[in-house]
Structures are given as C-alpha cells and as structure tokens.
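All values reported here derive from a predicted model rather than from experimental measurement. Proteins come first, then strands; the chains are lettered A, B, ... in the order of their sequence lines, and each starts at number 1.
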Amino acid sequence: MKAVYFAWVRERVGKTEEDIAPPASVATVADLLTWLGQQGEEYENAFGNSKVIRVAIDQTHVKHDTPIAGAREIAFFPPMTGG
Amino acid sequence: MKAVYFAWVRERVGKTEEDIAPPASVATVADLLTWLGQQGEEYENAFGNSKVIRVAIDQTHVKHDTPIAGAREIAFFPPMTGG
Amino acid sequence: MLKVRIQREDFDPQAEAQALTDGRTDVGAVVTFTGLCRDEGGMLAALELEHYPGMAEKELERIAEEASLRWPVQGIVMLHRYGKIAPGERIVMVAASAHHRSEAFCAAEFLMDFLKTSAPFWKRQHLGDGTSGGWVEAKGSDDEAAERWK
Amino acid sequence: MLKVRIQREDFDPQAEAQALTDGRTDVGAVVTFTGLCRDEGGMLAALELEHYPGMAEKELERIAEEASLRWPVQGIVMLHRYGKIAPGERIVMVAASAHHRSEAFCAAEFLMDFLKTSAPFWKRQHLGDGTSGGWVEAKGSDDEAAERWK
C-alpha cells in the first residue's frame with residue numbers, strides 16, 4: 001500500500017510518500033502506527049507520539065481502531081489547521 | 001410638541017406629522033396614546049389598539065410608562081420590519 | 001471603523017467589505033450579510049421601505065456601537081436602503097471584521113438581529129396584480145433572535 | 001448550487017457571492033466569510049498552506065453537502081488557497097445563500113467550523129527575520145466550535 005505524509009509528519013519522515021509492506025500481523029491503523037514508529041529514527045521521531053497523528057484511508061478520515069485491510073493509500077498527518 | 005407618524009399609523013391618521021397640545025393631565029406615553037385615540041375616528045382607528053404602537057421621544061425608543069414632559073418630537077409607529 | 005448609511009440607491013457589498021481590510025494586515029476575518037428582496041414565489045412585485053430619517057441613522061449607530069463594545073471588532077458596516085425595491089435587489093447589508101471568525105460572526109448576527117427589531121424601518125408589499133399587499137407584520141422569530149443576546 | 005475549489009491564486013469574494021444571486025429573485029439572505037492572513041503584530045512574513053490534493057476537495061464537498069442537508073440553503077461556495085500567502089491576503093472564503101438569514105448564518109458558521117477541523121490543510125509560519133516559525137498548532141477552540149453542531 002502507499003503511505004503519504006503531510007506537514008511535520010512529512011518533514012520528520014523525510015518523504016512525501018512511499019510504498020510500505022507491513023507484516024500480516026499489522027491489522028489496524030494503531031498497529032500500523034506502532035510498526036511505522038519502529039522503521040528507523042526518523043519514523044520514531046514522526047510516529048513516536050502516535051496519539052496525535054490523524055489518519056485517512058483512501059482519502060477518508062478513519063479512527064485508530066479501523067482495520068487497514070484493502071487500503072490502497074494511507075495518509076498520516078497532524079491535526080488540521082486550515083481556514 | 002410635534003407628533004410624527006409612520007407606516008400604517010401614518011396612513012390611518014392621514015398625516016405624516018402635526019403639532020399636538022394635549023392637556024396637562026396627559027403625563028405619560030400611555031396617557032398620550034389614550035388621548036390621541038379620542039381625537040376623532042381616524043385617530044381611534046390608529047391608536048385604538050395602543051399596546052401594539054411603538055413610541056420614540058426625540059428619536060429614542062421609550063416604553064409606554066415614560067413621562068412625556070419636555071418632549072419636542074414624539075413618533076408613533078408599528079413594530080419595525082426592516083432588514 | 002463604524003460606518004452607517006441609509007440611502008435610496010443600491011450599494012456595492014464587496015467595495016464595502018473591501019474597505020474593512022484595505023491597507024491593513026491585522027484583519028483575520030470578515031463576515032458579510034446581504035439581505036435581498038424575494039419575489040415570494042412570483043407574488044411580489046416590489047417592497048417599499050419607509051424609514052424614520054434621523055432616528056434610523058441614530059439607531060444603526062447605536063447598534064454598531066453596542067456590537068463594538070461586546071466583541072473586539074475592528075470594523076463594522078451597516079447599510080440600509082429605502083424606497084421601492086424590486087425582487088432580486090439588495091435591501092440591507094452588514095459587515096464585521098475582527099481578528100477571529102467567531103467574533104466577526106457574532107457581531108454580524110447581532111447587528112442584523114437588532115437592526116430587524118429596533119431600527120425604524122417598515123416594509124410594505126406591492127403585489128404582482130397591482131394591488132397593495134399591505135404592511136409586512138413583525139415576526140416573533142425576530143424578537144426571539146434579538147432576545148438571545150440579552 | 002454547491003461550489004468547492006482549491007487553488008493557489010487569489011479569488012474574488014464578491015464575484016463568488018454574486019453568482020449565488022445572479023438571475024434569481026428567490027434568495028433572501030447571503031452570508032459570506034473571508035479569512036485573511038494576519039501579520040501577528042508584524043512578526044509574520046507569510047503563511048504557507050499545505051494540503052492533501054484530492055482529499056481536500058472531497059472533504060470540502062462532504063462538508064458542503066452536510067450543511068445543505070441540515071439547512072434549506074440555496075447555494076454554498078467554499079474556496080481555499082494553498083501555497084505561500086502574505087499578510088493581508090485572503091486564504092479562504094465560504095458563502096451560503098438561503099431564504100432567511102438564520103439559515104444562511106448557521107450554514108456559513110458550520111462550513112467554517114468543519115473546514116477548520118476536518119479539511120486536510122496545514123499552515124506553517126514564515127517569520128519576518130527569515131526563519132520558519134514552525135507549523136501552526138491546532139486550537140482546542142476550533143474543536144469546541146465544531147462540537148456544538150453534533
């Protein structure tokens with residue numbers, strides 16, 4: 001699946017997007033945030049405080065307990081500050 | 001003192017303004033409304049249901065228990081419907 | 001900046017709103033309200049707006065000042081037309097500018113609620129068949145809208 | 001008429017508001033909100049707006065549709081810019097038209113409250129001394145404003 005990053009999540013990871021392949025044990029958004037946080041220092045820096053990260057699956061906001069099965073694009077970003 | 005009339009009060013009285021000279025016993029706005037209602041059929045028609053009439057003394061809204069002493073211009077009109 | 005004007009002619013809402021921000025870099029929010037004449041399903045030919053000259057201006061100024069005491073607004077505009085107004089034409093506009101949106105929204109709603117209930121204007125209807133539809137009656141919902149600010 | 005657009009360029013609030021009433025005689029009320037970049041007492045050189053292309057449009061459309069289900073609005077406009085925006089420049093506008101003013105005011109406030117909390121836009125500050133002031137933090141007051149519509 002494709003992971004996309006915005007705002008300071010993007011800056012900390014150092015990429016705007018990438019293909020990720022989490023193991024089968026990663027079932028929910030929360031699992032994925034934990035797994036991502038273990039992929040290196042920059043990821044730990046971005047996802048260490050995972051509670052504040054907002055997530056969208058295929059461009060729709062989802063909660064952290066949402067299953068990720070079937071997701072094509074998962075986006076990670078801080079709380080929104082538009083307007 | 002000068003009396004000025006607006007909207008259907010003006011239409012019923014048949015004048016936009018006039019000088020009035022109520023007797024000394026007419027002390028409040030309510031007294032004045034009662035007295036005006038006795039000045040002929042068109043006045044009775046305009047002021048008969050005096051509760052609905054709004055009053056301004058010298059261009060400031062006043063309640064019906066307000067004294068009229070010292071008033072130069074007293075305006076009578078229905079509830080406002082601007083905007 | 002508090003600006004109040006009563007006039008027969010139409011006005012330009014954007015020019016009025018623009019004046020609240022021109023040359024400034026400290027305004028964060030501008031809310032405008034424009035009220036227009038509806039044709040009431042084709043029944044209405046025109047509205048005729050009567051006002052109490054002198055007092056109408058004073059009341060709008062009083063309302064604008066009250067709003068500026070209640071919220072930290074940076075500017076207020078209140079314009080109201082009188083005379084005959086055809087369906088689709090503008091009747092009234094208010095605008096409020098402030099640092100933040102909630103202040104601008106509150107002030108603009110407050111301005112309209114009190115304009116409706118305390119500014120001396122009266123509407124009469126002219127119907128499509130050439131007859132007068134009579135004077136518009138004041139609405140209880142307008143009194144309630146004004147009450148909530150007390 | 002629901003219109004949603006995300007663009008780098010500035011927009012014309014009056015042209016957008018005008019489009020809600022052009023050729024119509026059944027609109028009674030138009031409320032517009034315009035959000036501008038403040039200089040924060042001279043400290044701020046610019047804001048930079050990042051967004052999630054695709055999702056941002058979808059979210060604005062979702063919010064506009066939700067508003068049109070809640071109130072009998074006749075039209076809605078939501079425009080949001082991205083990229084670098086200098087103090088005094090417009091960032092966002094929403095507009096709502098309806099028969100009556102309370103519906104237009106409610107819809108416009110609702111649009112802004114949900115735009116703030118659910119549309120994927122992020123602001124970063126550029127300071128006058130050439131440094132980055134970092135990412136703007138989300139405000140609890142915005143969450144509370146959105147909560148009141150639940």
Side-chain angles (χ1 to χ4, degrees), chain C residues 12-18 20-47 74 86-102 104-106 108-113 115-116 139 141-142 144-145 148, chain D residues 12-18 20-47 74 86-102 104-106 108-113 115-116 139 141-142 144-145 148:
Chain C
D12 176 351
Q14 180 54 14
E16 303 295 342
Q18 186 73 38
L20 293 173
T21 57
D22 268 347
R24 299 182 68 147
T25 52
D26 61 339
V27 178
V30 178
V31 171
T32 73
F33 171 88
T34 307
L36 303 105
C37 176
R38 281 176 287 128
D39 68 359
E40 306 294 356
M43 188 195 76
L44 192 82
L47 283 176
Q74 296 169 312
E89 287 188 54
R90 286 177 277 262
I91 299 170
V92 61
M93 89 165 268
V94 305
S97 58
H99 275 298
H100 303 113
R101 77 182 186 287
S102 67
F105 269 118
C106 282
E109 282 201 79
F110 175 93
L111 294 172
M112 277 310 299
D113 287 345
L115 184 153
K116 283 261 179 189
K139 286 188 288 188
S141 58
D142 287 328
E144 286 159 26
R148 71 193 154 129
Chain D
D12 176 351
Q14 180 53 14
E16 303 294 342
Q18 187 73 37
L20 293 173
T21 57
D22 267 347
R24 299 182 68 147
T25 52
D26 61 340
V27 177
V30 178
V31 171
T32 73
F33 172 86
T34 307
L36 303 106
C37 176
R38 280 177 287 129
D39 68 359
E40 306 293 357
M43 188 196 75
L44 192 82
L47 283 176
Q74 296 170 311
E89 286 188 54
R90 286 177 277 261
I91 300 170
V92 60
M93 89 164 269
V94 305
S97 57
H99 275 298
H100 302 113
R101 77 182 186 286
S102 67
F105 268 118
C106 282
E109 281 202 79
F110 176 93
L111 294 172
M112 277 309 300
D113 287 345
L115 183 152
K116 284 260 178 189
K139 285 187 289 189
S141 59
D142 286 329
E144 287 159 25
R148 72 193 154 129

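- For C:Asp22, no part lies near chain D; criterion is any non-hydrogen pair under 4.5 Å.
- The parts of C:Ala108 that come within reach of chain D are both its backbone and its side chain, each placing non-hydrogen atoms under 4.5 angstrom from that chain.
- Contact annotation for residues 38-47 of chain C against chain D (heavy-atom separation below 4.5 Å, listed by residue number): C:Arg38, C:Asp39.
- Residues of residues 86-97 of chain C having a heavy atom under 4.5 Å from any heavy atom of chain D, listed by number: C:Pro87, C:Gly88, C:Arg90.
- For chain C, the option among D:Pro13, D:Gly23, D:Ala104, D:Gly28 with the highest count of heavy-atom pairs below 4.5 Å is D:Gly28.
- The candidate from D:Val27, D:Asp12, D:Thr21 with the greatest count of non-hydrogen atom pairs under 4.5 Å with chain C is D:Val27.
- Heavy-atom pairs under 4.5 Å with chain C peak, among D:Glu109, D:His99, D:His100, at D:Glu109.
- Top candidate by heavy-atom pairs under 4.5 Å with chain D, chosen from C:Gln18, C:Lys116, C:Arg24, is C:Lys116.
- Looking at C:Thr34, the atoms closer than 4.5 Å to chain D (heavy atoms on both sides) sit in the backbone and in the side chain alike.
- Both the backbone and the side chain of C:Arg101 come within less than 4.5 Å of a heavy atom in chain D.
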